Each structure stands twice: as C-alpha cells, then as structure tokens.
A.B. asks: 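Sending over a structure as structure tokens; questions will come in a sec.
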Number of protein chains: 2
Amino acid sequence: MGLLYLMKQQTLPYEMHHGDCLQILQNLPDASVDAIITDPPYSSGGAFRSDRMGKTTEKYTLGGTKVKRPAFSGDNRDQRSFAFWCTLWLQECYRVAKEGAPICVFTDWRQLPITTDVFQAAGFVWRGVPVWDKTPACRPIKGRFAHQSEFIVFGSKGPMPVERGVGCLAGVFPIVVKQADKFHITGKPVELMKRLIEVTKPGDIVLDPFAGSGSTGVAAIQTGRRFIGIEMEQSYFDIANHRLSQNV
Amino acid sequence: MGLLYLMKQQTLPYEMHHGDCLQILQNLPDASVDAIITDPPYSSGGAFRSDRMGKTTEKYTLGGTKVKRPAFSGDNRDQRSFAFWCTLWLQECYRVAKEGAPICVFTDWRQLPITTDVFQAAGFVWRGVPVWDKTPACRPIKGRFAHQSEFIVFGSKGPMPVERGVGCLAGVFPIVVKQADKFHITGKPVELMKRLIEVTKPGDIVLDPFAGSGSTGVAAIQTGRRFIGIEMEQSYFDIANHRLSQNV
DNA sequence: TGTAGGTATGAATCCGACT
DNA sequence: AAGTCGGATTCATACCTAC
C-alpha cells in the first residue's frame with residue numbers, strides 16, 4: 001500500500017486530494033506550485049448560510065443551467081462571508097504558489113467585483129479579466145443582454161516577467177459547452193482549460209483547489225503539465241480520479 | 001433665430017449640447033429619457049500616476065501610431081475621485097431617466113468593479129455585464145492574456161419588465177474596430193452601438209452624456225431612435241454634430 | 001476585379017535609469 | 001526610497017499599394 005502510493009507519486013503526473021481545500025492547502029509546502037487555475041463555487045456565501053440553517057438552496061437545475069438569484073437581495077451576510085472565505089483559500093494559494101506564478105479564477109458577472117477584491121486582498125497582482133464566451137448556447141432573456149460569458153480573474157504572485165517562455169494569449173475564448181464534455185453541473189470544457197493552461201509552461205505544476213470533475217487536470221495532463229487537485233465531494237472526487245487516470 | 005431653433009427641435013431627431021455633462025444634465029427635466037448609453041473616460045491604465053496623467057493622445061496611441069486625433073480631458077482621475085465623479089453624473093442620469101429605463105456604461109477591466117459600485121450607488125439596478133470582444137486586433141503581451149475586450153455595465157432604473165417590446169439580445173459582441181469608423185481615440189464602432197441600442201424601442205430617446213464623436217447618436221438615428229448628446233471638447237462636439245447631420 | 005505583399009495600428013506595460 | 005521618466009516591446013488584422 002505504502003509502496004504503491006510511492007510508485008504512484010513518482011509515476012503519475014497528477015495527485016488528487018479528497019477534502020476541504022482550506023485544510024488540504026495547509027499541508028502543501030510554501031512556493032511549491034507553478035500556477036493556480038480554479039473554478040470555485042460562485043455563490044458560496046448563500047451555501048454557507050444555508051449550511052448553517054441546515055437546508056440547501058436549489059441553485060442549479062437538473063439540466064445544468066444556472067438559476068440566478070433575483071436582483072440584489074441586499075443580504076450582505078452572503079456577500080461578506082463569501083468574500084471572507086475566498087480570502088482565506090486565496091491566501092493559502094498565495095503561500096503555496098511560487099514567485100511570479102500565474103493564477104486564473106473563474107467567476108460570473110455578479111461575483112466579479114468581489115472576486116477582484118479578494119484576489120488582491122490575498123496579495124495577488126491583478127492583471128486582467130479574460131472572458132469565456134459560451135457563444136449562443138445560453139438561455140436568452142427578452143429585453144436583456146444574455147448572460148453569455150463567464151469571467152476569469154487573472155494575475156500573478158508578484159512581478160511576472162514578460163519573457164518566461166510563454167507566448168501571447170488571446171483575451172476572449174469563444175467555446176461552446178458540449179454536454180458530453182460536462183461531468184459537473186458547472187463543468188468547463190477541456191478545450192477552454194487547455195487555452196488557459198497555455199499561461200504555464202510544459203512540466204509546470206498546476207493547482208486546482210476546486211477540482212470538481214477534474215477538467216483542469218485533464219487539460220493539464222493532455223498538455224504535458226503536472227496537476228494537483230483538491231475536491232471535497234466524494235462523487236466528484238471519484239469522477240476526477242477516473243478521468244485523470246484515463247488521460248495519463 | 002428662435003424660430004429656427006424651434007424648427008430644429010421639431011424636425012431633428014437629435015440634439016447636441018456643448019459643455020460639462022454635470023452642468024448640462026442639471027438642465028434636463030426629470031424622467032425625460034428612455035435609455036442611457038455612454039462611454040465615459042475610464043481614467044485607467046498605468047500603475048503610476050504619471051502614466052495616467054499623460055495626454056490621452058500619447059497615453060493611448062504611443063507605439064508608432066501615425067494618425068493623430070484630438071486629445072480629450074477628464075481621463076486622469078485617481079480611483080477615489082473617479083468613483084466620486086461617476087456617482088455624481090450617474091445620479092443625474094438616474095433623475096433624468098424614466099422608470100425602467102435601461103442603461104449601458106462602458107468600462108475596461110481595471111475600472112469594472114468601481115463602475116458596478118458607482119452604478120448601484122447612483123440607484124440603478126445592475127443586471128449584467130455584456131462584453132465587447134474587439135477580436136484579435138489588440139495589443140498582444142507576451143505571457144499574458146490580451147486585453148481584448150471592453151465591458152458594458154448594464155442595468156435599469158428600477159424594475160424592468162421582461163415584456164416591453166424588445167427582443168432577446170446577445171451577451172458578447174465580437175466586432176472589429178475599423179479605422180474609417182473611428183473618429184475618436186477611444187471611439188466605438190457604430191455597428192456595436194447599434195447592437196446595444198436594440199435594448200431600446202424605435203422612437204425612444206437615448207441619452208449619451210459623453211458623446212465624443214457621436215457614434216451612439218449615429219447608431220440611434222440610423223435605427224430610428226432619438227438622441228440627446230453632451231460633449232465637452234469643442235473638436236469632438238463639432239465632429240459629432242457633423243456626423244449626426246449626415247445621418248438624418 | 002482580383003491577388004499578393006508590405007505597412008500601420010492598438011482605452012499598454014515592462015523595466016532600467018534617474019531624481 | 002518611493003516616485004518619475006522614457007525607450008522597447010508585441011503580433012494578428014486591417015488597410016494600402018502595386019501589379
């Protein structure tokens with residue numbers, strides 16, 4: 001068992017950890033990862049509160065389309081605890097990241113301002129907001145602009161030299177969601193994650209503290225990077241492990 | 001003279017005001033416009049004050065650019081005064097807007113969080129962030145994601161009924177900037193403005209307190225809307241007037 | 001009218017030198 | 001030592017010119 005674990009450690013380009021990312025991150029050493037690419041739960045503030053209240057809010061439909069909450073609830077506790085929690089795990093990410101490591105954090109339009117706040121509160125330098133254009137594969141709303149994009153808060157741990165063996169990257173990624181490519185209700189296309197991972201170099205270690213079904217890891221492995229993933233839900237942890245093992 | 005003015009008022013689908021928008025807006029009556037679509041100075045760019053303080057012509061067009069365009073002012077505020085100033089003119093816009101009027105405010109990635117703050121501080125309901133994808137015609141940066149998009153903070157004055165005679169709108173607009181279509185250093189393509197203006201109905205009065213070279217107005221007139229524009233710079237005011245007169 | 005090839009452009013940013 | 005200044009950089013696309 002111990003030997004098998006050792007062999008895995010040496011051979012596999014990935015490792016998955018099962019548990020709460022705040023706790024797992026604390027066990028990772030300082031300055032040990034080259035990049036962070038992650039897709040945290042967007043409205044966790046609400047989830048936290050309902051956790052405390054002992055019931056879950058139905059935030060997602062079965063089809064996988066996200067149901068937005070109505071116009072601003074004015075309940076600041078949600079927003080504040082979301083911000084606080086984000087700052088905690090981002091601070092751990094900061095410690096674990098090497099100097100100059102790039103970081104990409106997904107968010108939606110509603111949480112974008114908070115995300116840029118906590119991103120910088122944790123110490124990262126904010127360097128832009130690339131856009132995932134889901135292309136007209138989203139729910140149209142009459143008289144309004146479609147919520148057709150998700151946003152990626154991008155930056156680095158401290159200065160980030162221009163010349164580091166990485167080419168020029170686009171700023172908008174028009175990529176359709178394919179249902180077949182979707183193992184998690186908020187799962188991102190592997191093709192999209194591959195585009196983001198181009199901000200790293202082959203061989204780099206990419207950390208995803210909210211691995212979900214492991215799309216970041218699949219993209220990392222397929223492009224010659226190494227991967228460290230953390231996932232709390234048993235079922236998604238299993239799916240991620242399975243998908244990653246298929247892609248070695 | 002007075003008669004001519006009256007005739008103009010009755011015939012022309014637009015009116016341009018020359019002056020500071022804070023002062024001009026105060027002279028507009030309450031609840032008199034159907035929509036606001038505008039592109040204020042971003043006061044963005046540059047980690048150093050001196051980078052922001054430069055002339056707008058040099059700030060935005062350095063790097064071998066040959067075509068010279070007039071500079072514009074009001075683009076050198078720091079974050080706090082930018083926020084304060086935005087709240088002032090947005091509050092006036094709020095007063096001038098009819099109940100339920102949609103509003104679109106352009107911003108860049110750096111000022112996006114501040115813009116959503118002042119937008120709501122002025123009383124508007126925030127409803128989304130449609131994206132202008134400038135498509136790969138932007139300055140590339142090695143090792144980073146290109147700043148390839150600008151953002152539109154979208155919302156309304158109070159509730160906005162879904163059924164109001166307006167169709168479904170996209171959430172990302174991939175539109176290239178054409179030189180021939182650019183009369184201002186930061187001018188927006190008329191085609192883009194036409195897409196945004198679809199959030200209004202034909203015959204609606206669209207207000208742009210930072211009219212610049214008048215692209216919003218041109219789009220408004222070409223799509224059968226009426227237009228009220230305000231511009232402070234004499235040279236751009238003249239350009240806007242000329243372009244609008246050509247499009248009646 | 002069409003094609004090919006050269007050039008201009010971009011709502012910046014980095015970095016070293018200097019005050 | 002924090003703040004300023006100025007030169008170098010990046011490449012896909014649009015536009016222009018020549019044939």
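Owing to the predicted nature of the structure, the values given are computational and were not obtained by experimental measurement. Residue numbering restarts at 1 for every chain, and letters A, B, ... go by the order of the sequence lines.
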A.B. asks: Expressed in angstrom and rounded to an integer, what is the separation of B:D133 atom CG from C:dA11 atom C1'?
C.D. replies: 15 Å
A.B. asks: Rounded to the nearest angstrom, tell me the gap between atom CD in B:E150 and atom P in C:dA11.
C.D. replies: 7 Å
A.B. asks: Could you list the donor-acceptor pairs under 3.5 angstrom formed by side chains in residues 196-208 of chain A, with sequence neighbours left out?
C.D. replies:
unit_1 : atom_1 : unit_2 : atom_2 : d
A:T200 : OG1    : A:I197 : O      : 2.7
A:T200 : OG1    : A:R225 : NE     : 2.8
A:D204 : OD2    : A:K201 : N      : 2.9
A:D208 : OD1    : A:T38  : OG1    : 2.6
A:D208 : OD1    : A:F210 : N      : 2.9
A:D208 : OD2    : A:T216 : OG1    : 2.9

A.B. asks: Determine the interatomic distance between P on D:dG7 and the same-named atom on C:dA11; round to the nearest Å.
C.D. replies: 22 Å
A.B. asks: May I have the distance from B:I185 (atom CD1) to C:dA12 (atom P), rounded to whole angstrom?
C.D. replies: 11 Å
A.B. asks: Hey, is A:K194 close enough to A:E191 for a salt bridge, meaning N to O under 4.0 Å?
C.D. replies: no
A.B. asks: State the dot-bracket string of DNA chain D. Criteria: Watson-Crick or G-U wobble, both atom distances under 3.5 angstrom; notation: ( ) intrastrand, [ ] crossing earlier pairs, | interstrand, . unpaired.
C.D. replies: .||||||||.|||||||||
A.B. asks: Is the shortest side-chain N/O distance from B:K134 to OP1 or OP2 of C:dA11 below 4.0 Å?
C.D. replies: yes
A.B. asks: Can you tell me how far P of D:dA12 sits from CZ of B:R144, to the nearest Å?
C.D. replies: 18 Å
A.B. asks: Would you say B:R139 places a side-chain N or O within less than 4.0 Å of OP1 or OP2 belonging to D:dT13?
C.D. replies: no
A.B. asks: If only side-chain N and O atoms of B:H147 are considered, is one of them under 4.0 Å from the OP1 or OP2 phosphate oxygen of C:dT13?
C.D. replies: yes
A.B. asks: If we require ring centres under 5.5 Å and near-parallel planes under 30°, does B:Y60 stack on C:dA12?
C.D. replies: no
A.B. asks: Has the side chain of B:K188 got a donor or acceptor atom sitting under 3.5 Å from an opposite partner on the base of C:dA11?
C.D. replies: yes
A.B. asks: Given C:dC15, C:dG10, D:dC15, identify the nucleotide with an atom nearest to the side chain of A:P161.
C.D. replies: C:dC15
A.B. asks: Considering residues at least two apart in sequence or located in another chain, which fulfil the salt bridge (charged side-chain N to carboxylate O under 4.0 Å, His left out) criterion with B:K142?
C.D. replies: A:E163
A.B. asks: Among all residues two or more places apart in sequence or in another chain, which pass the ring pair (Phe, Tyr, Trp, His ring centres under 6.0 Å) test with B:H18?
C.D. replies: B:F237
A.B. asks: Just jot down the salt bridge (charged side-chain N to carboxylate O under 4.0 Å, His left out) partners of A:K157, sequence neighbours excluded, or say none.
C.D. replies: none
A.B. asks: Report the residues that fulfil side chain to side chain donor-acceptor pair (under 3.5 Å) with B:N76, sequence neighbours left out, ordered by chain and then residue number.
C.D. replies: none
